[in-house]
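Keep in mind the model is a prediction, meaning the values are calculated, not measured. Excluded from the calculations below are hydrogen atoms, water molecules and symmetry mates; all remaining heavy atoms, backbone and side chain alike, are included.
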Amino acid sequence: MPAPIDRRSIPVLAAAGGYLLLTLTADLVNPGWSPVETMVSHYVHARAGWLIPAALLSLAAAGALLTRLLRPTATPLTRVLLQIWALAVLAGALFPADPPGRWDQPPTVAGLIHGLAAVAAFTILPVAALTATRTRAPGTRPAAVTAALTVLTYLLLVAAFLDVQGGPSLTIGGWESLIGLIERVTLWTYVAWLAVTAAGTRHPAPA
């Protein structure tokens with residue numbers, strides 16, 4: 001019988017779930033926007049745009065809470081990477097992305113900060129996941145699998161982003177670009193790793 005989830009992991013799961021709920025709501029209330037072509041952060045310019053900063057704040061909270069949860073078991077490197085990741089996501093929440101369709105135009109100051117924060121966040125989480133997986137106790141196969149998925153989807157996102165910088169060209173049917181879908185899949189694997197890692201963390205009972 002599987003061991004029960006440590007109740008200290010519940011805030012991480014709730015924050016990660018909050019991110020998914022808020023971004024899904026943003027998609028649902030904007031049926032005229034394509035989640036396949038449009039990156040999540042661009043929805044800040046759509047109806048109920050406040051959902052996106054709220055979602056990123058929830059995601060940043062999940063990272064910060066996981067850092068605290070892993071304090072007794074993770075290495076200092078893993079904890080520092082997760083802290084930096086949470087700060088990068090927080091910066092992405094505070095500084096909105098520029099509107100979609102401006103790949104060939106100079107970014108605004110807020111858009112530049114958001115873009116740099118996004119690059120940092122997308123890059124750091126797979127590294128943190130790999131370091132955490134290498135140093136945690138046996139019995140963490142789900143965490144190892146989701147860590148590997150974060151790396152694979154990150155590489156796919158990099159390829160898609162470099163492609164779209166020269167003008168959208170990755171197409172399927174009537175979709176001009178797949179960057180939105182690829183980014184979402186990447187973020188879902190990141191959230192999955194956060195949730196699986198939190199759910200699999202066990203602290204020894206106090207003596």
Side-chain angles (χ1 to χ4, degrees), residues 12 14-66 82-126 150 153-154 156-171 174-195:
V12 182
Y19 167 81
L20 293 176
L21 178 62
L22 290 165
T23 52
L24 175 61
T25 302
D27 284 332
L28 291 175
V29 301
N30 290 285
W33 289 53
S34 170
V36 175
E37 298 178 289
T38 309
M39 300 179 80
V40 172
S41 56
H42 288 157
Y43 277 68
V44 72
H45 300 285
R47 182 187 306 163
W50 61 270
L51 289 167
I52 300 308
L56 293 176
L57 287 174
S58 189
L59 189 60
L65 291 166
L66 182 61
L82 281 174
Q83 288 169 346
I84 296 173
W85 179 78
L87 289 173
V89 176
L90 176 62
L94 298 178
F95 295 91
D98 289 337
R102 297 182 55 177
W103 301 108
D104 58 344
Q105 300 179 35
T108 64
V109 172
L112 177 62
I113 295 174
H114 179 92
L116 293 174
V119 169
F122 276 115
T123 304
I124 290 170
L125 195 281
T150 66
T153 55
Y154 167 74
L156 182 60
L157 178 64
V158 170
F161 185 76
L162 292 176
D163 177 82
V164 82
Q165 287 297 296
S169 61
L170 288 173
T171 63
W175 287 304
E176 191 175 67
S177 169
L178 306 181
I179 187 69
L181 176 61
I182 294 171
E183 184 201 36
R184 280 167 174 76
V185 172
T186 303
L187 288 167
W188 294 339
T189 64
Y190 287 17
V191 171
W193 180 81
L194 292 171

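- Atom OG1 in T38 sits 5.0 Å away from atom OH in Y43 (nearest 0.5 Å).
- Side chains of L90 and L57 form a contact here, defined as non-hydrogen atoms less than 4.5 Å apart.
- In this view, V191 and A16, Y19, L20, L59 satisfy the side chain to side chain contact (heavy atoms under 4.5 Å, CB included) rule, not counting sequence neighbours.
- Expressed to the nearest 0.5 Å, how far CD1 of I84 lies from CG of L125 amounts to 12.5 Å.
- Residues forming a side chain to side chain donor-acceptor pair (under 3.5 Å) with T23 (at least two apart in sequence, or on another chain): none.
- The heavy-atom pair separating H114 from A97 by the smallest distance is CD2-CB, 3.5 Å.
- Atoms CG and CG, on L28 and L51 in that order, are 10.0 Å from each other to the nearest 0.5 Å.
- At a threshold of 4.5 Å between non-hydrogen side-chain atoms, the residues V44 and P53 count as touching.
- Within the 4.5 Å cutoff, the side chain of F161 has no heavy atoms near those of the F122 side chain.
- For D98, the salt bridge (Lys or Arg N to Asp or Glu O under 4.0 Å) criterion is met by no residue, not counting sequence neighbours.
- Contacts classified as salt bridge (charged side-chain N to carboxylate O under 4.0 Å, His left out) and involving residues 18-28 (residues at least two apart or in different chains) are given here: D27-R184.
- Residues A117 and A91 share a closest heavy-atom pair of CB-CB, 3.9 Å.
- Residue S41 comes nearest to I52 through the heavy atom pair CA-CG2, 3.9 Å, listed as atom of the first residue, atom of the second, then distance.
- Here A54 pairs with L22, W50 under the side chain to side chain contact (heavy atoms under 4.5 Å, CB included) rule; sequence neighbours left out.
- Contact between G63 and A86 at its shortest, heavy atoms only, is C-CB, 4.3 Å.
- Nearest heavy atoms, A62 versus L194: CB-CD1, 4.3 Å.
- A side-chain N or O of T189 and one of T153 form a donor-acceptor pair less than 3.5 Å apart.
- One distance of note links CD of E37 with CD1 of I179; it measures 11.5 Å at 0.5 Å rounding.
- The CD1 atom of I124 sits 10.0 Å away from the OH atom of Y190 when rounded to the nearest 0.5 Å.
- To the nearest 0.5 Å, atom CH2 of residue W33 and atom NE2 of residue H45 are 7.5 Å apart.
- Checked by atom type, the side-chain pair T186/Y154 shows no donor-acceptor distance below 3.5 Å.
- Every pair tested for salt bridge (charged side-chain N to carboxylate O under 4.0 Å, His left out) that includes a residue from residues 14-23 fails, sequence neighbours excluded, so the list is empty.
- Counting only heavy atoms from C-beta outward, the side chains of V29 and T25 approach each other to under 4.5 Å.
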